[in-house]
Amino acid sequence: MAKVNIKSEKITPFGGIYYASKAFYALSLDKVINGTLGVRSSTYNGYQWNEIMSAMSDVFLCGGDCVKDVNRSECHLRESPEIRIPTSHTIGRAPKILSHEDMEYKSSSGNVFRFNTNQRLNDLLMKLNMKMGLFKSGQTAWRGFRPCFRQDGI
């Protein structure tokens with residue numbers, strides 16, 4: 001005979017995201033993000049970088065295809081007291097502040113290549129990877145990397 005437990009909490013379709021959110025704060029990723037990118041808003045009701053990035057990842061982890069899908073899952077995500085959900089406009093507007101100019105490289109054959117090295121975001125990625133234990137201090141990032149080339153050289 002199966003034992004039935006009656007829960008008083010509401011059941012939501014995105015209940016698993018609360019565990020991801022708790023892990024986010026348990027690893028202090030919020031402190032790493034805000035420490036690396038700085039203060040975004042000094043007002044009480046303004047959103048900080050960690051809240052914007054957490055909301056953005058929550059949207060995609062809940063099956064969203066684009067940032068405006070936060071509107072679809074917002075009512076369920078607000079059930080958690082730890083989560084503050086910015087509007088889709090704030091989530092979409094904030095990363096533009098972090099943008100960086102593209103650099104151009106012109107090869108001897110005349111081809112122009114554009115690439116972007118945003119040092120603040122690169123630093124953030126490395127610090128987050130180290131905080132989660134994916135990289136160790138002094139470890140070479142490309143150790144074990146083996147490029148895969150097709151037979152025709154592409």
Side-chain angles (χ1 to χ4, degrees), residues 14 16-154:
F14 305 116
I17 198 66
Y18 302 137
Y19 295 107
S21 178
K22 284 183 181 186
F24 181 85
Y25 290 104
L27 288 170
S28 300
L29 298 183
D30 56 328
K31 291 176 179 58
V32 173
I33 291 169
N34 290 337
T36 305
L37 299 180
V39 175
R40 183 178 172 274
S41 176
S42 58
T43 62
Y44 172 73
N45 59 350
Y47 293 100
Q48 298 303 326
W49 288 114
N50 69 300
E51 295 168 322
I52 291 168
M53 292 190 175
S54 174
M56 191 182 307
S57 66
D58 289 351
V59 168
F60 294 111
L61 289 172
C62 289
D65 295 321
C66 58
V67 174
K68 70 179 181 178
D69 285 342
V70 73
N71 301 330
R72 180 175 51 110
S73 56
E74 180 180 15
C75 61
H76 299 293
L77 293 175
R78 289 198 189 276
E79 295 287 329
S80 173
E82 297 97 22
I83 300 176
R84 284 185 54 194
I85 305 294
T87 65
S88 60
H89 297 293
T90 302
I91 296 171
R93 184 179 60 241
K96 291 179 185 176
I97 297 168
L98 298 173
S99 66
H100 191 271
E101 291 292 321
D102 286 346
M103 297 172 62
E104 285 189 5
Y105 169 76
K106 190 171 186 176
S107 68
S108 59
S109 63
N111 293 331
V112 176
F113 299 95
R114 289 187 183 92
F115 58 96
N116 193 308
T117 56
N118 189 324
Q119 193 60 42
R120 285 173 68 192
L121 292 179
N122 285 338
D123 288 344
L124 176 63
L125 286 173
M126 288 305 295
K127 288 177 181 178
L128 289 172
N129 282 321
M130 290 179 75
K131 186 69 175 177
M132 291 186 288
L134 300 174
F135 291 147
K136 305 287 186 241
S137 182
Q139 177 183 355
T140 304
W142 295 103
R143 185 180 307 159
F145 175 74
R146 299 168 75 119
C148 180
F149 296 103
R150 292 190 349 206
Q151 195 71 11
D152 56 3
I154 297 176

Trainee: Is any side-chain heavy atom of Leu124 less than 4.5 Å from a side-chain heavy atom of Ile33?
Mentor: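 Yes; the side chains approach each other to less than 4.5 Å.
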
Trainee: Taking the side chain as every heavy atom from C-beta outward, state whether Ile97 and Trp49 have any atom pair closer than 4.5 Å.
Mentor: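 In short, these two side chains touch, coming nearer than 4.5 Å.
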
Trainee: For the residue pair Pro95 and Met56, what are the closest heavy atoms and their distance?
Mentor: CG-CE, 3.9 Å

Trainee: Would the number of heavy atoms belonging to other residues, nucleotides or ligands and lying under 6.0 Å from NE2 of His89 be above 12?
Mentor: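 No, because the 6.0 Å sphere around NE2 of His89 holds 12 heavy atoms or fewer from other groups.
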
Trainee: What distance do Asn118 atom CG and Glu101 atom CD have between them, rounded to the nearest 0.5 Å?
Mentor: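 These two atoms lie 11.0 Å from each other.
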
Trainee: Does some side-chain heavy atom of Leu37 sit less than 4.5 Å from a side-chain heavy atom of Met53?
Mentor: yes

Trainee: From Lys106 NZ over to Phe113 CZ, what is the distance, rounded to the nearest 0.5 angstrom?
Mentor: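 If we round to the nearest 0.5 Å, Lys106:NZ and Phe113:CZ are 12.0 Å apart.
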
Trainee: Run through Val70, Ile85, Asp65 and flag the one making a side chain to side chain contact (heavy atoms under 4.5 Å, CB included) with Val59.
Mentor: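 In the set Val70, Ile85, Asp65, the residue that makes a side chain to side chain contact (heavy atoms under 4.5 Å, CB included) with Val59 is Val70.
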
Trainee: Out of curiosity, Asn34 CG to Leu29 CG, how far, rounded to the nearest 0.5 Å?
Mentor: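 That separation rounds to 11.0 Å.
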
Trainee: For Phe60 versus Cys66, what's the shortest heavy-atom pair and its separation?
Mentor: CE2-N, 3.8 Å

Trainee: Does atom OH (Tyr105) have a neighbourhood of more than 12 heavy atoms from anything else shown, all under 6.0 Å?
Mentor: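 Result for OH/Tyr105: open.
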
Trainee: Quick one: does Ile91's side chain get under 4.5 Å of Tyr47's, heavy atoms only?
Mentor: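 No, too far: nothing below the 4.5 Å cut-off.
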
Trainee: At what distance, to the nearest 0.5 angstrom, does OG of Ser88 lie from CZ of Arg93?
Mentor: 10.0 Å

Trainee: If you look at every heavy atom in Ala94 and Ile52, which pair is closest and at what distance?
Mentor: CB-CD1, 3.5 Å

Trainee: Taking side chain as C-beta onward, heavy atoms only, is Arg120 less than 4.5 Å from Thr36?
Mentor: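 Side chain of Arg120 against side chain of Thr36, heavy atoms only: no contact under 4.5 Å found.
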
Trainee: Does the side chain of Thr90 come within less than 4.5 Å of Arg40's, by heavy atoms?
Mentor: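 Side chain of Arg40 against side chain of Thr90, heavy atoms only: contact under 4.5 Å found.
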
Trainee: Would you give the length of the straight line joining atom CE of Met103 to atom CZ of Phe115, rounded to the nearest 0.5 angstrom?
Mentor: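 So the gap between those two atoms works out to 4.5 Å.
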
Trainee: Kindly compute the distance separating CG (Asn122) from CG (Asn116), expressed to the nearest 0.5 Å.
Mentor: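 Asn122 CG to Asn116 CG: 9.0 Å, rounded to 0.5 Å.
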
